[in-house]
There are 2 protein chains.
Amino acid sequence: MAKTSAPSTPKPSARDRLLAASDELFYNEGIHTVGIDRVIEKAGVAKGSLYYIFGGKDQLIEAYLFNRHQAWMHTVQQGLDAVDDPQAKMLAVFDQLGTLFAQPDFRGCAFMNATAEALPGSPEDRAATKFRGWIHELFGELARAAGAVDAKTLADQLVVLYDGANTTAQMDKTAAPARTAKTMAQLVLAATSFAAPLAD
Amino acid sequence: MAKTSAPSTPKPSARDRLLAASDELFYNEGIHTVGIDRVIEKAGVAKGSLYYIFGGKDQLIEAYLFNRHQAWMHTVQQGLDAVDDPQAKMLAVFDQLGTLFAQPDFRGCAFMNATAEALPGSPEDRAATKFRGWIHELFGELARAAGAVDAKTLADQLVVLYDGANTTAQMDKTAAPARTAKTMAQLVLAATSFAAPLAD
DNA sequence: GGAGCTTTGTACAGACCTGTCTGATACTGT
DNA sequence: ACAGTATCAGACAGGTCTGTACAAAGCTCC
């Protein structure tokens, strides 16, 4: 314990260490598969601290999924901010997926995976429902902003492409589906009727 | 159908009862979530019989996924046989998805769900890999049979649509993505170059 | 009837899992 | 210096899980 004098790396709080360990273990190996003991061992945290801080595994799972949601929202938003054209914004989402898929530890969408092992009403299920609401809102707003005549239909199509890219990338362990989905998104956009050409 | 209707009920073999119970429980609630005791209770089979017949839970999981694979292959084949045109065959797969999604107990693709909670090298992982091989072969052969100039690209696109329909239907609990994906598949086909118009 | 395979019922071992409890030890603000 | 909070370390209770063991009973086919 000589680190106190050197402020180089002030050890993260037990909470942050638990969240980091949860994120890695839950995402890589599944939520049910990983036990509390694995998490606290990786985090270097006493079991009592976990229950002191979070109250239980369910709340830890909630925090894990909440953080995943926030981080991904932030990443997508960065991609949207980088372009101006409304239609280009929709395609930018698939570019962000591409960089996500290329990460060596990519193992699919955390919410799809959580749903696969979750029972209705579980914290996983609730978090996934919130995530789905956001995804639909995202594409819905982008479609409306672009002036799509039938924004709902366009959004539904993009959601299917988004989900397909995720699933294919996970199942086949390749980043290629991001480009494949983007290509199809361009096809869809080309076949969509827009009201205003570019009103901003 | 019934072998003998004279006595009360010619109970199916312990093996078949175990498979039926596994199919229902594993698919509805997840493989890790469901314990052996739940399976044998639902099947009305002694625990010793399960180990006598299958040898362990892993082999039961393998058999469960194998049966799912066979059943779905059969269903898809029926859909293919119902139409003649090569391009229509591709679209027919999405129609089959539609009837699948409409079933009240639909809870996503069994192999995607199994992958979500499986570690690399597990029986689930191996079964999923086989399933993925079949899916790619299916669309690859249909694309070649239709005379697509770039059959691989077309097949990759259809796989993403297939996966997207499955995932969206599961996450949003609606059968609509089957139609949405089929519509996009038609767009994709319209944008694809085919060599021969109709050589059979 | 009898041999051999299948099935049953139940008890049990060993591992693992979540969660609780306790008592000691850091850290932090006043 | 002191109070309050955060954290640690480890033991333990109660439950569940997979898998094993064994004795008895059914079933099938010759």
Side-chain angles (χ1 to χ4, degrees), chain A residues 1-22 24-26 28-65 114 117-119 121-124, chain B residues 2-4 6-22 24-26 28-65 114 117-119 121-124:
Chain A
M1 293 301 167
K3 278 288 179 190
T4 21
S5 51
S8 60
T9 326
K11 201 166 156 191
S13 67
R15 182 168 211 279
D16 289 342
R17 277 177 287 151
L18 281 171
L19 284 174
S22 301
E24 190 172 330
L25 291 174
F26 286 161
N28 284 327
E29 307 184 27
I31 293 173
H32 286 341
T33 319
V34 172
I36 290 285
D37 290 332
R38 298 269 318 279
V39 176
I40 64 173
E41 187 205 344
K42 174 159 221 113
V45 163
K47 183 183 274 193
S49 301
L50 189 158
Y51 284 91
Y52 178 78
I53 295 168
F54 288 100
K57 191 186 184 182
D58 275 3
Q59 291 93 319
L60 183 62
I61 295 170
E62 266 176 20
Y64 152 66
L65 290 173
E117 49 176 331
L119 265 48
S122 59
E124 299 95 309
Chain B
K3 299 158 195 168
T4 39
S8 56
T9 315
K11 221 154 102 179
S13 69
R15 183 168 211 280
D16 289 342
R17 277 177 288 151
L18 282 171
L19 284 174
S22 301
E24 190 172 328
L25 291 174
F26 287 161
N28 285 326
E29 306 184 28
I31 292 172
H32 287 342
T33 319
V34 172
I36 291 284
D37 289 333
R38 297 270 316 280
V39 176
I40 64 173
E41 187 204 345
K42 174 160 219 106
V45 164
K47 182 183 276 194
S49 301
L50 189 159
Y51 284 91
Y52 179 80
I53 295 169
F54 287 100
K57 191 185 184 182
D58 275 3
Q59 291 93 318
L60 182 62
I61 294 170
E62 265 176 18
Y64 152 65
L65 290 173
E117 50 176 331
L119 265 48
S122 59
E124 297 95 308

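Excluded from the calculations below are hydrogen atoms, water molecules and symmetry mates; all remaining heavy atoms, backbone and side chain alike, are included. Residue numbers begin at 1 in each chain, while the letters A, B, ... track the order of the sequences.
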For this session: Would you mind building the protein contact string for nucleotides 10-26 of chain D? One character per nucleotide, 5' to 3', B for base within reach (heavy atoms under 4.0 Å), S for sugar-phosphate only, - for untouched.
Result: --------BBB------

Exercise. Does the side chain of S49(B) get closer than 4.0 angstrom to OP1 or OP2 of dT8(C) through an N or O atom?
Worked result: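 Indeed, a polar side-chain atom of S49(B) lies that close.
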
Exercise. Reckon R17(A) has a side-chain N or O less than 4.0 Å from the OP1 or OP2 of dA6(D)?
Worked result: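 Negative; the distance criterion is not met.
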
Problem set entry | Test salt bridge (charged side-chain N to carboxylate O under 4.0 Å, His left out) applied to E117(A) - qualifying residues, sequence neighbours left out |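 None.
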
Exercise. Can you list the residues that meet the salt bridge (charged side-chain N to carboxylate O under 4.0 Å, His left out) rule with R15(A), with sequence neighbours excluded?
Worked result: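 Not a single residue meets the salt bridge (charged side-chain N to carboxylate O under 4.0 Å, His left out) criterion with R15(A).
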
Would you list the atom pairs, donor with acceptor, under 3.5 Å between side chains in residues 52-61 of chain B and any protein atom, with sequence neighbours excluded?
residue	atom	partner	partner atom	Å
K57(B)	NZ	I31(B)	O	3.1
K57(B)	NZ	V34(B)	O	2.9

Problem set entry | Contacts of N28(B) that satisfy side chain to side chain donor-acceptor pair (under 3.5 Å) - sequence neighbours left out |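 Checked N28(B) against side chain to side chain donor-acceptor pair (under 3.5 Å); zero matches.
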
How close or far is atom [atom2] of [N] from atom [atom1] of [X], stated in whole angstroms?
| X | N | atom1 | atom2 | value |
| --- | --- | --- | --- | --- |
| I53(A) | dT20(C) | CD1 | P | 15 Å |
| E41(A) | dC8(D) | CD | P | 14 Å |
| Y52(B) | dC27(D) | OH | P | 16 Å |
| D16(A) | dT7(D) | CG | C1' | 14 Å |

For this session: Could you name each residue pair satisfying salt bridge (Lys or Arg N to Asp or Glu O under 4.0 Å) that touches residues 31-53 of chain A, not counting sequence neighbours?
Result: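 As it turns out, the salt bridge (Lys or Arg N to Asp or Glu O under 4.0 Å) pairs with a partner in residues 31-53 of chain A, which skip direct neighbours, are E24(A)-K42(A), E29(A)-R38(A), D37(A)-K47(A).
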
Problem set entry | Euclidean distance, I36(B) CD1 relative to Y51(B) OH, rounded to 0.5 Å |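 That separation rounds to 4.5 Å.
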
For this session: Using a heavy-atom cut-off of under 4.0 Å over every strand shown, decide if R15(A) touches base, sugar-phosphate, or nothing.
Result: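 The residue R15(A) makes no contact with any strand.
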
